[in-house]
Asker: 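Mind looking over this structure? Questions follow.
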Amino acid sequence: MGRANDAAAAALEEYAELFAMTGGDAFRVRSYQKAAKAIAGHPGDISRVDVREVPGVGEAIAKKVEEFLARGSFRQLDALREEVPEGVRRMTRIASLGPKKAVLLFRELGIGSPEELERAIRGGRLAGVRGFGAKTEENLLKGIEQLRQAGGRVHLGVAMELAERVVASLPAERVAYAGSLRRMKDTVGDVDVLAVGSVSLMEVFKGQPYVAEVIASGERKTSIRSDRGLQVDLRVVPEESWGAAMQYFTGSKEHNVRLREMCVKRGWKLSEYGLFEGERVVASRTEEDIYHALGMQWVPPPLREDVGEIEAALKGELPELVTVEDLKGDLHTHTDLTDGIATLEEMVTAAAARGYAYYAVTDHAPNLFMQRMTLEKMREQREQVHRLQERFPDMRLLHGTELNIAPDGTVDWPAEILAEFDVTVASVHSHFTQSREEMTRRFVAACENPHVHIIGHPTTRKIGKRPPVDADWETVFAAAARTGTVMEIDAYPDRADLPSDLVRMARHQGVRFSIDSDSHAVPHLANMRFGVGIAQRGGLTTDDVINTWPLDRLLGLLSS
DNA sequence: GCCGTTTTCGGCCCGACTGTTTTCAGTCG
């Protein structure tokens, strides 16, 4: 489950994209994409085992991967990177603009980046170009605006992988990441790493393989741009002010401003070097020392957004946040029967290894046509689940499904079939642009369906790719609270859905939550920690999260 | 490029939607 897998998969995905853009055969494109997905989802570390073991990897792809593992790229990838400018690749990240149109714009009009495309549209240069009418221009401008709003930020999964790589690479007395990453924010603009060590640490840092460019380097701080474009700042801090530095660089800015205001009122001063009364150090070694000196509880980083946590900490009333260890199961996962890449047995075995008390298999249902699900396949899977149960006496297997919420709020299968499932997740997978009124009615109808237990990835956003749908969430959550429908926190880091601000809103209305991995491969099961981060930011306790409950209590909710 | 109860070629999840076209290409899930 190594980062070698992820890096090689990313290279193959990039190659597939470039290959498609340069007119490569569509089936070969699919082969590269399939291999990338399989390698990313493969439980074994491909830098240790033969990559030919991975299904979908033949001789040609194996050679490319081996070259990539040896030197960080492969010949064919280098060639295509030369041929297609980086800006043209960025253009395909604009919603509704795929590889065909992007290349056409580049070849015919010399448009080589989203910025140039925007200027061209506004300058009327697309008028009369075949396939580009007024509506398309409007959609492209909208897509460019979305792209701009995402900025240079990446989702937590990408940032966490890099941060852990950086932390592991530094031989320091103490080293840890801080910043929005430590607060488990769903997107991260740059990675802040703190370390206790000597100046030579900076030299070690600058020589790491993930460093693409050194932006600035001094005695106390070095900034680099990583191979994936993300900036990393390393700060070397004195041992005795470790706590103050962690507190300061974890933020948020708003939280810290409030703390410093409290200090000023007492005639104290708080900085990254410590909490001071004149020259006297009041606290600095640990974060706990600092918060306690201010007469408050230590505040868990995900809560540090100045949304009431300071008042609560002063009164000693911070919630006891849900943790990864509290999770007793996963209620939304897939297998290769639909779009997962691991078998039922592989997924269940991996889930049992995580020590779960229960585990639900929820493959897609027939209305998502591309998944080719049928009643027969679903029932056959249920039989397999029942047979498999005998081998896992300590983990209760639940047979479920992920239903598709149609534009009118109805779902796949009639009520009597739905009643056969132990658990159902219902999600929106299409018609994302309905009006707020229609979308709200759609979700309310799904909540009111007595056979729907959980609303999956409610906003359907994909970070950096697709905006959330528009709905009146107050009304949706009121319906969920009234009907006892659970809202999912989809832990997959590019979804992170519900987002934490909506979690807070829903919690205030009395809604309950399920933190699910939405796994399509064995390694995805480990994404649960990102979902827990969202739940913590939303202030959730174990009582709010149904998959921390003991099996009996969970089954009670599912059967009511 | 991969794969094979079809063994070395021929098929590869496919249907809906959008915006454009006047019979369809591109994009998406």
Side-chain angles (χ1 to χ4, degrees), chain A residues 11-13 15-39 42 51-66 74 76-77 80 91-106 108 121 126-143 146 334-341 363-374 377 402-408 412 427-434 456-457 460-462 464-467 469 490 492 494-495 497 518 520:
Chain A
L12 280 177
E13 255 164 44
Y15 185 64
E17 188 190 359
L18 292 170
F19 191 74
M21 293 180 84
T22 50
D25 174 68
F27 291 115
R28 286 175 62 187
V29 172
R30 274 251 294 282
S31 290
Y32 297 127
Q33 289 170 334
K34 242 176 108 177
K37 210 175 148 191
I39 288 171
H42 191 71
V51 70
R52 290 168 187 77
E53 278 179 17
V54 181
V57 177
E59 194 49 38
I61 290 181
K63 283 237 170 68
K64 291 179 175 69
V65 170
E66 282 163 357
F74 50 92
Q76 298 89 337
L77 178 61
L80 288 188
M91 280 164 64
T92 64
R93 289 176 50 197
I94 300 168
S96 81
L97 187 66
K100 294 276 167 59
K101 284 183 171 174
V103 164
L104 183 139
L105 289 170
F106 178 58
E108 301 290 316
I121 295 170
L126 260 58
V129 179
R130 210 182 145 72
F132 290 85
K135 194 76 192 215
T136 300
E137 289 190 353
E138 194 186 305
N139 286 340
L140 287 174
L141 286 176
K142 234 184 268 172
Q146 282 163 20
H334 296 273
T335 74
D336 62 358
L337 183 62
T338 56
D339 57 353
I341 62 166
D363 273 315
H364 290 285
N367 291 2
L368 215 56
F369 301 99
M370 62 177 287
Q371 305 292 351
R372 322 197 99 198
M373 182 56 107
T374 63
K377 283 184 177 176
E402 182 181 9
L403 301 163
N404 182 53
I405 307 176
D408 63 358
D412 323 49
S427 322
V428 164
H429 298 102
S430 62
H431 297 87
F432 303 118
T433 56
Q434 279 184 313
H457 47 70
T460 78
R461 71 167 177 173
K462 286 271 188 87
K465 286 192 188 130
R466 187 169 67 215
V469 296
D490 190 312
Y492 212 97
D494 74 343
R495 286 194 183 270
D497 190 8
D518 195 359
H520 287 70

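So you know, we letter chains A, B, ... as the sequences are listed, proteins then strands, and number each from 1.
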Asker: For R372(A) and dG15(B), what is the distance between atoms CZ and P respectively, to the nearest whole Å?
Answerer: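 Going from CZ in R372(A) over to P in dG15(B) covers 7 Å.
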Asker: Between dC3(B) atom C1' and K34(A) atom NZ, what is the distance in whole Å?
Answerer: 8 Å
Asker: From CD of Q371(A) over to C1' of dA16(B), roughly how many Å is that when rounded to an integer?
Answerer: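 In whole Å, dA16(B) C1' lies 14 Å from Q371(A) CD.
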Asker: How about K100(A): does its NZ atom have over 12 heavy atoms from other parts shown lying under 6.0 Å from it?
Answerer: no
Asker: Taking the P atom in each of dA16(B) and dG11(B), what is the distance between them to the nearest angstrom?
Answerer: 24 Å
Asker: Taking atom C1' in both dT22(B) and dT18(B), compute the distance separating them and give it to the nearest angstrom.
Answerer: 16 Å
Asker: Taking the C1' atom in each of dC2(B) and dT8(B), what is the distance between them to the nearest angstrom?
Answerer: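 My reading of the C1' atoms in dC2(B) and dT8(B) gives 13 Å.
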Asker: Could you check how far CG of L126(A) sits from P of dG19(B), rounded to whole Å?
Answerer: 16 Å
Asker: Take the protein atom CD of E53(A) and the nucleotide atom P of dC3(B), then report the distance between them rounded to whole Å.
Answerer: 13 Å
Asker: Please give me the minimum heavy-atom distance between I61(A) and G56(A), naming the atom from each residue.
Answerer: CD1-O, 4.2 Å
Asker: With E59(A), which residues qualify under salt bridge (charged side-chain N to carboxylate O under 4.0 Å, His left out), at least two apart?
Answerer: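 With neighbours one apart ignored, the set is R52(A), K63(A).
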Asker: Who is the Watson-Crick or G-U wobble partner of dC14(B), with both distances under 3.5 Å?
Answerer: dG29(B)
Asker: Could you check whether A16(A) gets within reach of a base, just the sugar-phosphate, or nothing at all, counting any heavy atom under 4.0 Å?
Answerer: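 A16(A): no heavy atom of the nucleic acid under 4.0 Å.
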Asker: So is K101(A) actually on top of F132(A)'s ring, under 6.0 Å and inside 45° of the axis?
Answerer: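 So K101(A) does make the cation-pi contact.
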Asker: Just checking N139(A): base, sugar-phosphate only, or nothing, at a heavy-atom cut-off of under 4.0 Å?
Answerer: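 Touches sugar-phosphate only.
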Asker: Does R28(A) make a cation-pi contact with F19(A) (under 6.0 Å, within 45 degrees of the axis)?
Answerer: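 Verdict for F19(A): no cation-pi partner in R28(A).
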Asker: Can you tell me if H520(A) and D339(A) form a side-chain donor-acceptor pair at under 3.5 Å?
Answerer: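 Distance-only check passes for H520(A) and D339(A).
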Asker: Write down the distance separating the P atoms in dC9(B) and dG15(B), rounded off to the nearest Å.
Answerer: 30 Å
Asker: Report which part of the nucleic acid R28(A) touches: base, sugar-phosphate, or nothing (heavy-atom distance under 4.0 Å, all strands).
Answerer: base
Asker: Is the phosphate of dG1(B) approached by K64(A) (side-chain N or O, under 4.0 Å from OP1 or OP2)?
Answerer: yes
Asker: Can you check the K37(A) NZ to dC12(B) P distance for me, whole Å?
Answerer: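 After rounding, the gap between these two atoms is 18 Å.
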Asker: Considering only atom C1', compute the distance from dT23(B) to dG19(B) and round it to an integer number of Å.
Answerer: 14 Å
Asker: If you measure from the P atom in dT27(B) to the same atom in dT20(B), how many Å do you get, rounded?
Answerer: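 It comes out at 13 Å once rounded to the nearest Å.
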Asker: Sugar-phosphate means primed atoms, P, OP1 and OP2; the rest is base. With that split, encode nucleotides 23-29 of chain B 5' to 3' as B, S or - using protein heavy atoms under 4.0 Å.
Answerer: ---SSSB
Asker: Assuming nearest nucleotide by heavy-atom distance, tell me which of H431(A) and R130(A) is located more 5' along DNA chain B.
Answerer: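 This one resolves to H431(A).
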Asker: Any luck finding a side-chain donor-acceptor pair between Q371(A) and H334(A) under 3.5 Å?
Answerer: no
Asker: For D25(A) and dC3(B), what is the distance between atoms CG and C1' respectively, to the nearest whole Å?
Answerer: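 So the two atoms are 15 Å apart, to the nearest Å.
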Asker: Only one of T335(A), D336(A), L368(A) clears side-chain contact (heavy atoms from CB on, under 4.5 Å) with D363(A); which?
Answerer: T335(A)
Asker: Send over the distance from F132(A) CZ to dT21(B) C1', rounded to a whole Å.
Answerer: 15 Å
Asker: Please measure how far the C1' atom in dT21(B) lies from the corresponding atom in dC17(B), and state the result in whole Å.
Answerer: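 Result for the C1' pair: 15 Å, nearest Å.
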